[in-house]
Amino acid sequence: MRIMIIQNNIAGINSSRNRSITNEKMKKSLEKLSSGYRINRAGDDAAGLTISELMRTQIRGLDQAMRNANDGIGLTQTGDGALAEVHAMLERMKTLATQSANSTYTSAARQNLDFEREQLIDEINRIGETTNFDEIPLFDSGKPPLGIEPPKPADIGDITLQIGPSSPETLDVPRYFMSAEGLELQDINIKSLDAANDAMRNIDIAIEAVADIRAGFGASQNHLEHTYQNLSVTSENMTAAESRIRDTEMAEEFTNLTRENIMFQAGASMCAQANSLPELVMNLLR
């Protein structure tokens, strides 16, 4: 049995190999601790990396869908705010028509009342033309089709909101004609008692039509608020699940690093010990 050789220091080679293995483990532990990720490359956990990346894609989609839902809420609030003013003006017009329908007013007085009505009509038309959300028109101010009771669906179509991370997960917000013609108020006046009575009926129809449109905006807003909450919960749960796959468990990894550090120091000591064995041969030759 050979116990003393100088050409090949097998003990030293073995100690060096084990120390290199320990050193690689230490480097990986330090990488995980410094990055905060258990998986930094596919080699760390190929299957886990695949699942994690798919989950990250879904989480990003959920987060963007939440922003989309918030934008949609802002859009519906903008439309409802504009229609609140239209409602106030229609109610004022109803008051003027009721006032003009009273026989105690002269023609000159009714002319003054009708002048205010005309100004209100102009403002309703302006709101229909200019109300927008980030340059996206919320109403159609063109000429509506005949024979349809208000509210008349807009020719320019609905506003489609993407409210989910996949297709198709959308919500359509309807658009309607918003103008004197769209509300069938273009031919009314309150310059006479009979005309005022006719106008009151048209204004009532217009008030109901605007209420229907506002109800649509309100329903869409409620839908979007619930959608946002659902997306938020889903994103939170998905993030937690992805974290369990991808993130470093710090306490465990500190334990691993401490163990490998001790092993590395022991390996270094054994390397030194193994390298001293040939010295025994040299002592025999002296």
Under 3.5 Å: donor-acceptor pair, side chain of Asn132, backbone of Thr130: yes
Heavy-atom closest pair (Ala101 atom, Ala196 atom, distance to 0.1 Å) is N-CB, 3.7 Å
The reported gap from CG in Asn40 to OG in Ser35 (rounded to nearest 0.5 angstrom) is 3.5 Å
Do Arg259 and Asn256 have side-chain atoms, one donor and one acceptor, less than 3.5 Å apart? yes
The reported gap from CD in Gln186 to CG in Asn202 (rounded to nearest 0.5 angstrom) is 8.5 Å
_pair Leu183-Met178: side-chain heavy atoms closer than 4.5 Å_ = yes
So CZ of Arg214 and CD of Gln221: to nearest 0.5 Å the spacing works out to 11.0 Å
message: Between Glu53 and Arg246, is the side-chain contact (heavy atoms from CB on, under 4.5 Å) condition met? List the steps.
response: CA-CA 9 Å; Glu53 289 299 334; Arg246 194 74 172 256; 3.0 Å; yes
Would a single hydrophobic cluster contain both Ile121 and Met200, if residues Ile, Leu, Val, Met, Phe, Trp and Tyr are joined by side-chain heavy-atom contacts under 4.5 Å? no
Shortest non-hydrogen pair, Phe177 vs Pro145, comes out as CE1-CD, 3.6 Å
Contacts satisfying salt bridge (Lys or Arg N to Asp or Glu O under 4.0 Å) that involve residues 162-185 (not counting sequence neighbours) are Lys152-Glu184
Are Phe133 and Ile156 connected, step by step, through hydrophobic side chains (Ile, Leu, Val, Met, Phe, Trp, Tyr) whose heavy atoms are closer than 4.5 Å?
no
Scanning both residues in full, the closest heavy-atom pair of Gly142 with Ser179 reads O-OG, 4.1 Å
Side chain to side chain donor-acceptor pair (under 3.5 Å) pairs touching residues 106-116, sequence neighbours excluded, are Arg92-Glu116, Ser100-Arg110, Asp114-Arg117
Q) Is the backbone N or O of Asp155 less than 3.5 Å from a side-chain atom of Asp140, with the two atoms forming a donor-acceptor pair by type? A) yes
With Leu90 as partner, the option from Leu120, Thr95, Leu83, Val210 fulfilling side chain to side chain contact (heavy atoms under 4.5 Å, CB included) is Val210
dist Thr248:OG1 -> Glu31:CD (nearest 0.5 Å) comes out at 9.0 Å
- Task: Kindly work out whether a path of hydrophobic side-chain contacts (I/L/V/M/F/W/Y, heavy atoms less than 4.5 Å apart) joins Ile127 to Ile203.
- Result: yes
Transitively linked via ILVMFWY side-chain contacts under 4.5 Å: Ile136 with Ile73? yes
With hydrophobic residues grouped by side-chain heavy-atom distances under 4.5 Å, do Met93 and Val86 end up in a single group? yes
**Report entry** Pairwise side-chain contact, Leu224 with Thr76, heavy-atom cut-off 4.5 Å (strictly under)
**Finding:** yes
So the side chain to side chain donor-acceptor pair (under 3.5 Å) pairs with at least one residue in residues 227-236 (sequence neighbours excluded) are Asp63-Ser235
* Asked: Does atom CD of Glu85 have more than 12 heavy-atom neighbours, drawn from other residues, nucleotides or ligands, at distances under 6.0 Å?
  -> no
message: Using side-chain heavy atoms (C-beta onward) and a distance below 4.5 Å, is Ile207 in contact with His87?
response: yes
Side chain to side chain contact (heavy atoms under 4.5 Å, CB included) with Leu171: of Ile159, Asp158, Ile163, only one passes, and it is Ile163
Next item on the list: Please determine if Glu123 and Arg126 form a salt bridge, counting it only when a charged side-chain N lies under 4.0 Å from a carboxylate O.
Entry: yes
In short, Ile245 meets Gly48 closest at the heavy-atom pair CG2-O, 3.5 Å
Requested in this report: Answer yes or no: are there more than 12 heavy-atom neighbours, outside Gln77 itself, under 6.0 Å from its atom CD?
Outcome: yes
- Inspect the contact between Glu242 and Arg56 and indicate whether a charged nitrogen and a carboxylate oxygen are less than 4.0 angstrom apart. yes
Point to revise | Side-chain donor or acceptor of Ser243 paired with backbone N/O of Thr239 under 3.5 Å | key: no
### Message
Quick one: does any side-chain atom of Ser220 pair with a main-chain N or O of Gly216 as donor and acceptor, under 3.5 Å?
### Response
yes
message: Assess the residue pair Thr170 and Leu161 against the criterion (side-chain contact (heavy atoms from CB on, under 4.5 Å)); give the C-alpha distance rounded to whole Å, side-chain angles, the decisive distance to 0.1 Å, and a yes or no.
response: CA-CA 5 Å; Thr170 59; Leu161 303 175; over 6 Å; no
### Pro144 vs Tyr176 side-chain heavy atoms within contact, under 4.5 Å
no
Practice task
Verify whether one side chain among Asn125 and Glu129 offers a donor that lies under 3.5 Å from an acceptor in the other.
Solution key: no
CG (Asn70) and CG (Leu75) are apart, to the nearest 0.5 Å, by 12.5 Å
Heavy atoms of Glu135 and Pro137 approach each other most closely as O-CD, 3.5 Å
The salt bridge (charged side-chain N to carboxylate O under 4.0 Å, His left out) partner of Arg38 among Asp45, Asp247, Asp44 is Asp45
Separation between NZ (Lys32) and CD (Glu252), nearest 0.5 Å, reads 8.5 Å
Indicate yes or no: does Lys94 engage Asp204 in a salt bridge with an N to O separation below 4.0 Å. yes
More than 12 heavy atoms of other groups within 6.0 Å of Tyr37 OH
no
A side-chain contact here means heavy atoms from C-beta on lying under 4.5 Å apart; do Leu193 and Ser103 qualify? yes
Can a side-chain donor-acceptor contact be found between Thr104 and Asn102 if the only test is distance below 3.5 angstrom? yes
